[in-house]
Amino acid sequence: MTLQLRVYVPPHPLIKHWLGVARDASTPSTLFRTAITELGRWLTYEAVREWLPTIDTTVETPLAPCPATFINPEIPIVVVPILRAGLGLLDGAQTLLPLASIYHLGLVRNEETLEASCYLNKLPERFDPQTRVLIVDPMLATGGSSVRAMEELTKRGIDPAMVRIVAVVAAPPALQKLGSAYPSLAIYTAGIDEVLNDRGFIVPGLGDAGDRIFGT
């Protein structure tokens, strides 16, 4: 069976609302951070639906035994924020996955070549092969950073089918690059924009998400 990249744009009204707030150039930095946090929360909610490993058991209510389902604590769950802008999505993701391990990955894009280089890598030498990984990165533009992140994860034992990417906005070049290299991936995004400008920015996009999150 041929694998194909799966891209989901959840129709949730709160996702649409906070995307609109984030897109608006007049949104101040404090409110922009709130919008990105909320998008991290709701996109993560959609991404982990029917994805988290569970176990079935029985609990005793005050009145009688009752079937119960819990998240399986033996299967590792990891969140990888792509620095620096990914930190804005991390807060929302962590509220839903408070027991997940967080591994920071710092990637910077060369503004001339648009290639990503790594300046910080806190990933372990090896992951448990059952590990579920959620990558959080607001913008999937050229795909350089997300492909580089996948390279680092797969060489440490991560199965691409166990990875989901949460992004606020994605563009076709990134989706094409990821789909070609890692077709078993799943991506959850609030919107897909059609164009990159000559600087590699998504249009209409959000502008520079990192600058707007941190007010710099």
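Small disclaimer: the values here were computed from a predicted structure and weren't measured. For reference, positions follow the sequence shown, starting with 1. Only this structure's heavy atoms are used, side chains among them; waters, hydrogens and symmetry mates stay out.
- Side-chain N or O atoms of Thr37 include one that pairs as donor or acceptor with a backbone N or O of Arg33 at under 3.5 Å.
- At least one side-chain heavy atom of Thr57 sits less than 4.5 Å from a side-chain heavy atom of Phe70.
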Next on the checklist: Apply side chain to side chain contact (heavy atoms under 4.5 Å, CB included) to residues Val163 and Ile158 and explain how you reach the verdict.
Outcome noted: CA-CA 8 Å; Val163 179; Ile158 292 296; 3.4 Å; yes

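- Contact annotation: the side chain of Thr131 never approaches that of Ile77 to less than 4.5 Å [non-hydrogen atoms, C-beta and beyond].
- Between Phe32 and Phe214, the gap from one ring centroid to the other reaches at least 6.0 Å.
- Both Leu89 and Leu97 belong to a common hydrophobic cluster when Ile, Leu, Val, Met, Phe, Trp and Tyr are linked at side-chain heavy-atom distances under 4.5 angstrom.
- Remark: side-chain polar atoms of Thr154 are paired, donor with acceptor, to backbone N or O of Met150 under 3.5 angstrom.
- The structure places NE2 of His17 at 9.5 Å from CG of Leu39, a figure rounded to the nearest 0.5 Å.
- A continuous path of hydrophobic side-chain contacts links Leu14 to Val48 [ILVMFWY only; heavy atoms under 4.5 Å].
- Between the side chain of Arg156 and the backbone N or O of Glu152, at least one donor-acceptor pair lies under 3.5 Å.
- Nearest approach of Ile102 to Pro81, heavy atoms of both residues: CG2-CD, 3.9 Å.
- Between the Ser29 side chain and the Arg212 main chain, a donor and an acceptor come within less than 3.5 Å of each other.
- Using a 4.5 Å cut-off between side-chain heavy atoms of Ile, Leu, Val, Met, Phe, Trp and Tyr, with links allowed through other members, Ile75 and Leu96 fall into different hydrophobic clusters.
- Proximity of a side-chain donor or acceptor of Arg84 to a complementary backbone N or O of Ile213 within less than 3.5 Å is not detected.
- Within the 4.5 Å cutoff, side-chain heavy atoms of Leu43 are placed close to those of Pro10.
- Residues Trp18 and Val168 form no side-chain contact, since every pair of their non-hydrogen atoms from C-beta on lies 4.5 Å or further apart.
- Here the shortest heavy-atom pairing between Val79 and Ala100 reads CG2-CB, 3.9 Å.
- Using a distance-only test at 3.5 Å, with no hydrogens or angles considered, a donor-acceptor pair links the side chain of Thr189 to the main chain of Ala167.
- The backbone N or O of Gly205 sits less than 3.5 Å from a side-chain atom of Asp193, completing a donor-acceptor pair.
- Across Arg164 and Tyr188, no two heavy atoms sit closer than the pair NH1-OH, 3.2 Å.
- Each of Val108, Leu140, Asp137 was evaluated against Ser145; a single residue qualifies, Asp137, per the side-chain contact (heavy atoms from CB on, under 4.5 Å) test.
- For the atom pair CG of Leu123 and OG of Ser101, the computed distance is 11.5 Å after rounding to the nearest 0.5 Å.
- Judged purely by atom type and a 3.5 angstrom limit, Ser146 uses its side chain to pair as donor or acceptor with the backbone of Gly143.
- Linking Ile, Leu, Val, Met, Phe, Trp and Tyr whenever their side-chain heavy atoms come within less than 4.5 Å leaves Leu178 and Val195 in two separate clusters.
- For the atom pair CG of Leu175 and CG of Leu185, the computed distance is 10.5 Å after rounding to the nearest 0.5 Å.
- Contact of the Leu134 side chain with the Val80 side chain is not registered, since no non-hydrogen atoms from C-beta on lie closer than 4.5 Å.
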Item to check | Test log, rule salt bridge (charged side-chain N to carboxylate O under 4.0 Å, His left out), inputs Asp159 and Arg132 | outcome: CA-CA 9 Å; Asp159 179 354; Arg132 267 65 166 176; over 6 Å; no

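- When every heavy atom of Ala93 is checked against every heavy atom of Thr44, the shortest pair comes out as CB-OG1, 3.4 Å.
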Next on the checklist: Test side chain to side chain contact (heavy atoms under 4.5 Å, CB included) on Phe127 and Leu153; report intermediate values, then the result.
Outcome noted: CA-CA 8 Å; Phe127 284 101; Leu153 288 165; 3.8 Å; yes

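- With a 6.0 Å radius and a threshold of 12 heavy atoms from other residues, nucleotides or ligands, Tyr45 has its OH atom at or below the threshold.
- Rounding to the nearest 0.5 angstrom, the gap separating the CD1 atom in Ile82 from the CZ atom in Arg148 is 10.5 Å.
- The main-chain N or O of Pro65 is never found under 3.5 Å from a side-chain atom of Thr58 such that the two would form a donor-acceptor pair.
- Contact check for Thr54 versus Asn72: no side-chain heavy atoms found under the 4.5 Å cut-off.
- Interatomic distance, Leu120 CG to Leu107 CG, rounded to the nearest 0.5 Å: 9.0 Å.
- In this structure, Asp91 and Thr95 have side chains that are not in contact, with every pair of non-hydrogen atoms separated by 4.5 Å or more.
- Around the CD atom of Glu194, the shell of radius 6.0 Å holds no more than 12 heavy atoms that belong to other residues, nucleotides or ligands.
- In terms of heavy-atom proximity, Pro138 sits nearest to Ala209 at CB-CB, 4.0 Å.
- Between Ile36 and Glu38 there is no side-chain heavy-atom pair separated by less than 4.5 Å.
- By the criterion of side-chain heavy atoms lying less than 4.5 angstrom apart, applied directly or through intervening Ile, Leu, Val, Met, Phe, Trp or Tyr residues, Tyr182 is grouped together with Ile192 in one hydrophobic cluster.
- Considering every non-hydrogen atom in both Lys177 and Gly144, the closest pair reads NZ-N, 4.3 Å.
- To the nearest 0.5 Å, atom CD1 of residue Ile165 and atom CD1 of residue Ile187 are 4.5 Å apart.
- Listed by chain and number, the hydrophobic cluster partners of Met162 come to none, as no ILVMFWY side chain reaches under 4.5 Å of it.
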